[in-house]
Amino acid sequence: MTKPTHRPVRAVVALLALSLALTGCQGAGAHGADDGPATPPLAEVTVVDDPRSWEGPSTAVAGTTAIDPVTAGEVQLPVTVTDSQGTSVTVTDASRILALDIYGSLSRIVFELGLGDQVIGRDISSGFPEIAGVPLVTQNGHDLNAEAMLELNPTVILTDTSLGPWDTILQMREIGIPVVVVDSHRSIDGIGGLIAEVASALGVTERGSLLAERTQHAVAAKVAEIAAVTPADPADRLRMLFLYVRGQSGVYYLFGEESGADTLIEALGGIDVAGENGWIGMRPLTAEALVAANPDVILMMTKGLESVGGVDGLVEHIPAVAQTTAGQHRRIVDMSDTTILSFGPHTAGVLDALAVALYAPEDAS
């Protein structure tokens with residue numbers, strides 16, 4: 001096998017931003033978008049005896065979870081924070097908030113912190129019902145619209161490096177709007193830290209601690225529930241690989257450690273094939289690497305699978321898929337592009353839907 005090509009997490013984020021924009025992605029199932037009926041809860045389905053025995057693809061759709069705001073703890077402003085880029089930012093007013101990223105996670109966190117009525121604009125990925133009437137400030141998919149943002153007169157902007165153009169963010173700073181850039185690296189282990197970053201910037205540190213604790217507890221409980229239905233013997237567990245595809249652009253990547261996909265697979269009770277091979281970040285897909293990895297299941301984003309014409313098209317575009325156990329059994333599990341790696345207050349629901357698609361596929365959408 002050829003030596004793995006290592007790419008930093010920032011490159012993974014950039015690739016996601018570019019390709020989601022190219023597909024004109026319209027929002028996330030976990031946030032209430034029209035991805036079809038939600039996958040039933042894991043607690044209400046019957047799992048298969050051997051998850052490697054089933055044939056055919058399945059789609060996971062996380063159900064809509066109502067906002068349950070944390071309101072204990074006062075807002076304490078002004079506050080000065082050092083953001084993920086090392087920039088010192090002072091926030092004096094959080095009455096008009098823009099919280100923007102490629103997954104809609106930041107806006108969801110702000111709402112869960114009890115500040116939803118102060119959110120004045122949204123990105124296209126923020127599709128949960130409570131934000132539906134808020135003006136859109138992205139265009140052409142995930143491009144920030146400077147004019148739309150300025151018209152709303154924000155007093156603080158929270159974002160990461162997943163949206164562009166970056167000149168728009170610099171423009172906001174140059175005219176004096178406080179811009180806090182949070183960490184773009186997303187993982188299950190990092191959910192608490194992301195919530196803390198947002199809460200600190202908005203002067204609600206106590207609420208952030210409570211929300212992080214609640215979210216982490218929900219995720220831990222869901223991971224334990226999933227573990228109860230996965231094979232006890234590691235040798236019998238599903239070997240999973242996250243495949244990132246944009247057929248119309250000729251983009252084919254394997255996602256490895258530090259991409260977020262590794263923590264997702266671990267939480268789902270699977271064996272991370274990329275981790276076994278020491279792949280870090282993202283690496284261009286090669287037939288040799290895919291066949292050698294030989295996953296039982298391939299995880300994908302829904303738009304990515306659609307971009308190659310479904311499972312049949314995937315095999316046509318990437319013939320090596322047919323040489324893997326996953327390809328031979330057509331075990332491809334997909335989920336909304338802006339949901340599957342989002343990692344936020346709704347992560348327990350995302351894991352639940354994916355677990356049903358993996359362990360009770362007949363009950364998935």
Side-chain angles (χ1 to χ4, degrees), residues 28-30 35-42 45-48 50-63 188 222-223 225-227 229-231 236-247 252-256 259-275 285 290 293-315 317-318 321-322 324-343 347-365:
D35 287 342
T39 301
L42 180 60
V45 302
T46 301
V47 301
V48 295
D50 180 1
R52 297 178 301 179
S53 67
W54 56 269
E55 305 269 341
S58 57
T59 297
V61 180
I188 287 180
K222 187 58 59 180
V223 170
E225 182 184 358
I226 294 170
V229 303
T230 58
D236 295 330
R237 295 177 187 172
L238 291 170
R239 292 168 48 78
M240 304 183 197
L241 185 66
F242 196 101
L243 181 58
Y244 185 85
V245 171
R246 284 300 181 268
Y252 307 98
Y253 278 87
L254 303 176
F255 273 24
S259 67
D262 52 337
T263 64
L264 181 71
I265 290 172
E266 181 180 353
L268 291 169
I271 303 298
D272 178 27
V273 178
L285 173 67
L290 183 57
N294 192 28
D296 296 316
V297 176
I298 293 175
L299 301 179
M300 296 185 66
M301 295 179 176
T302 300
K303 293 290 184 183
L305 186 57
E306 291 176 354
S307 75
V308 292
V311 177
D312 290 336
L314 180 66
V315 173
H317 281 73
I318 311 173
V321 169
T324 67
T325 300
Q328 291 162 9
H329 295 278
R330 298 172 60 82
R331 286 198 294 256
I332 313 298
V333 173
D334 68 283
M335 190 179 217
S336 170
D337 300 42
T338 53
T339 302
I340 192 168
L341 294 178
S342 56
F343 304 118
T347 293
V350 173
L351 291 174
D352 190 87
L354 283 168
V356 172
L358 288 165
Y359 301 112
E362 291 183 358
D363 292 296
S365 300

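Remember, it's a predicted structure, so these values are computed and weren't measured experimentally. Positions are given from 1, in the same order as the sequence printed here.
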How far does CG of Asp334 sit from OG of Ser58, to the nearest 0.5 angstrom? 7.5 Å
If you take all heavy atoms of Ala355 and Leu268, which pair is closest and at what distance? N-CD2, 3.9 Å
Counting C-beta onward and ignoring hydrogens, is there a side-chain heavy-atom pair between Thr230 and Leu238 closer than 4.5 Å? no
Can any side-chain N or O of Thr39 pair as donor or acceptor with the backbone N or O of Ala62 at less than 3.5 Å? no
Taking the side chain as C-beta and beyond, is there a heavy-atom pair between Ile226 and Leu358 under 4.5 Å? no
4.5 Å side-chain heavy-atom contact, Val273 and Leu254: no
Leu290 and Val321: CA distance, side-chain angles, deciding distance, side chain to side chain contact (heavy atoms under 4.5 Å, CB included) verdict: CA-CA 7 Å; Leu290 183 57; Val321 169; 3.7 Å; yes
Quick check: closest heavy atoms across Tyr359 and Met240, and the distance to 0.1 Å? OH-CE, 4.0 Å
Is there side-chain contact between Leu314 and Leu243, with at least one heavy-atom pair below 4.5 Å? yes
Within the supplied structure, the quantity of interest is the number of heavy atoms (other residues, nucleotides, ligands) at a distance under 6.0 Å from Glu362 CD; does it exceed 12? no
Test applied, side-chain contact (heavy atoms from CB on, under 4.5 Å); reference residue, Met335; option that passes from Thr338, Val333, Thr339: Thr339
Would you check if Glu266 and Asp272 make a side-chain contact, meaning some heavy-atom pair closer than 4.5 Å? no
With a 4.5 Å heavy-atom cut-off, do Pro361 and Val48 have their side chains touching? yes
Pro40 versus Asp363, closest heavy-atom pair with distance: CD-O, 3.1 Å
Closest non-hydrogen atom pair, His317 against Tyr252: CD2-OH, 3.3 Å
What pair of heavy atoms forms the shortest contact from Arg239 to Asn294, and how long is it? NE-O, 3.8 Å
Which of Ile298, Ile318, Leu285 passes side-chain contact (heavy atoms from CB on, under 4.5 Å) with Val245? Answer is Ile318
Once you round to the nearest 0.5 Å, how far does CG of Asp337 lie from CG of Leu305? 10.0 Å
Show, in sequence, the C-alpha distance, side-chain angles and deciding distance for Val223 and Ile188, and conclude whether the side chain to side chain contact (heavy atoms under 4.5 Å, CB included) test is met. CA-CA 11 Å; Val223 170; Ile188 287 180; 5.5 Å; no
Does Arg246 reach the main-chain N or O of Ser307 with its side chain, forming a donor-acceptor pair under 3.5 Å? no
Less than 4.5 Å apart, any side-chain heavy atom of Leu341 and any of Met301? yes
Do the side chains of Arg237 and Asp296 get close enough for a salt bridge, i.e. N-O under 4.0 angstrom? no
Pairing residues for Phe343 by the ring-ring contact (aromatic ring centres under 6.0 Å, His included) criterion, not counting sequence neighbours: none
In this structure, CG of Asp352 is separated from CD of Glu225 (nearest 0.5 Å) by 6.0 Å
Is Arg330 close to Asp312 at the side-chain level, that is, under 4.5 Å between some pair of heavy atoms? yes
Give me the atom names and distance for the closest heavy-atom approach of Pro295 to Leu241. CB-CB, 3.8 Å
Parallel, tilted or perpendicular: which describes the rings of Phe242 and Phe255, with under 30° parallel and over 60° perpendicular? parallel
